[in-house]
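In what follows, a structure is listed as structure tokens, so that the remarks can point back to it.
Here the structure is a predicted model, which means the values were calculated and not measured. Order of appearance sets the numbers: ligands from 1, and atoms from 1 within every ligand.
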Amino acid sequence: MRTPLLAGNWKMYKTTGEARELVEGLLRGLGDVSDRRVLVCPPFTALQTVRDLVQGTPIALGAQDVYIEPQGAFTGAISPVMLRDLGCSYVIVGHSERRAIFGEGDELIGKKVRAALAHDLTPILCVGETKPQRDAGQAETVVVAQVRAALAGMTPEQISRIVIAYEPVWAIGTGDTATPEDAQAMHETIRRILGEMTSPNVAATINILYGGSVRPDNIDDLIAQPDIDGALVGGASLKADSFLRIVHFLPPQR
Ligand code: PEP
């Protein structure tokens, strides 16, 4: 019912030459991925290079952020129209690095989700708690509030077109992964909230990815959980062999 999505977030890595080398490596080893979706999200500066390489292949193209207006006097910003023009079909929104380093709040993130949808881009909305919040027993409250705030006022049809990435902040780039059981518990909660905002039937179709130190050696256990529908991968997506092993996860026996 939900096709798994394996997404690579390259963050601020890869010049155009390095991007070319990585994508060529991915394409060499990709094989048959007809039962899953594969996505790479390079920095803006490498989008065109990667687009030229992945066109006509099973690899989809996404961006790491987007601004809310189609055009205008917004120095340094990139619009959803520009991303479509470059062949993007996905965009990451509200990554914890955007929230913590660039000060993005739920209101702006919600506007970005809408702007992406309005231009036929699938937003990957990132949510997740910090370590102090988890230690204080607030993880669920924080994540539910982030989901509700970003999607407030949206129609079930709009919500049905988004992807959620649960990324505990303490697990991003640290090597410290949530246990499959803890991740599953949060994914189940997120799906329940999505069900309240739409309907259980709609919520059952929405992909909820896990992100936070996903690696070749933990992807199979994570994706075996019933509500984990793929992964948003940072560090391990920067090398062809490790991302390919994640893409080639062993399907759970359900
Ligand atoms: C991310 O950037 O979204 C991420 C999960 O990074 P990493 O896989 O390196 O923890």
TODO: Note the single closest protein heavy atom to atom 2 (O) of ligand 1, along with its residue, its atom name and the distance in Å.
DONE: K11 CE, 2.6 Å

- [ ] Decide whether the shortest distance between a heavy atom of R215 and an atom of ligand 1 is less than 4.0 Å.
- [x] no

- [ ] Answer yes or no: is there an ion pair linking K131 with D176, defined by an N-O contact shorter than 4.0 Å?
- [x] no

TODO: Please verify whether a non-hydrogen atom of A236 lies at under 4.0 Å from ligand 1.
DONE: no

- [ ] Find all atoms of ligand 1 within a distance of less than 4.0 Å from any non-hydrogen atom belonging to A171, and give their numbers and elements.
- [x] 10 (O)

Open item on the list: Less than 4.0 angstrom from a charged side-chain N to a carboxylate O is my criterion; do E188 and R192 meet it?
Closed with: no

Open item on the list: Can you confirm, on distance only, whether ligand 1 has an N/O atom lying under 3.5 Å from any N/O atom belonging to G235?
Closed with: yes

Open item on the list: Is the positively charged end of R37 above the ring of Y90, judged by distance under 6.0 angstrom from the centroid and angle within 45° of the axis?
Closed with: no

Task: Contacting atoms of ligand 1, where contact means under 4.0 angstrom from a heavy atom of G173 - done: 7 (P), 9 (O), 10 (O)

Open item on the list: One thing to verify: whether R245 and D220 come together as a salt bridge, which I'm taking to mean a side-chain N less than 4.0 angstrom from a carboxylate O.
Closed with: yes

Open item on the list: Between ligand 1 and A165, can you find any atom pair, the residue atom being a heavy atom, that is separated by under 4.0 Å?
Closed with: no

TODO: Check each atom of ligand 1 against the heavy atoms of G212 and keep those under 4.0 Å away; list them by number with element.
DONE: 5 (C), 10 (O)

Task: D106 side-chain N/O to A145 backbone N/O, donor-acceptor pair under 3.5 Å - done: no

Task: Residue portion contacting ligand 1 (non-hydrogen atoms closer than 4.0 Å) for N9 - done: side chain

- [ ] If the plane angle is over 60° it's perpendicular, under 30° parallel, otherwise tilted; pick one for Y166 and H187.
- [x] perpendicular

Task: Residue, atom name and distance, where the atom is the protein heavy atom closest to atom 3 (O) of ligand 1 - done: E167 OE2, 2.7 Å

Task: Location of contacts on E97 toward ligand 1, heavy atoms closer than 4.0 Å - done: neither

TODO: Just need the protein heavy atom nearest to atom 8 (O) of ligand 1, so name the residue and atom and give the distance.
DONE: G234 N, 2.8 Å

Open item on the list: Using only atom types and a distance under 3.5 Å, with no angle test, would you say the side chain of S79 pairs donor to acceptor with the backbone of Q71?
Closed with: no

TODO: Could you tell me whether the side chains of T130 and Q133 share a donor-acceptor contact shorter than 3.5 Å?
DONE: yes

Open item on the list: What protein heavy atom lies closest to atom 1 (C) of ligand 1? Include the residue and the distance to one decimal.
Closed with: H95 NE2, 3.2 Å

Task: V33 with V214, same ILVMFWY side-chain cluster at under 4.5 Å - done: yes

TODO: Look only at interatomic distance and state if L232 has a nitrogen or oxygen under 3.5 Å from any nitrogen or oxygen of ligand 1.
DONE: no

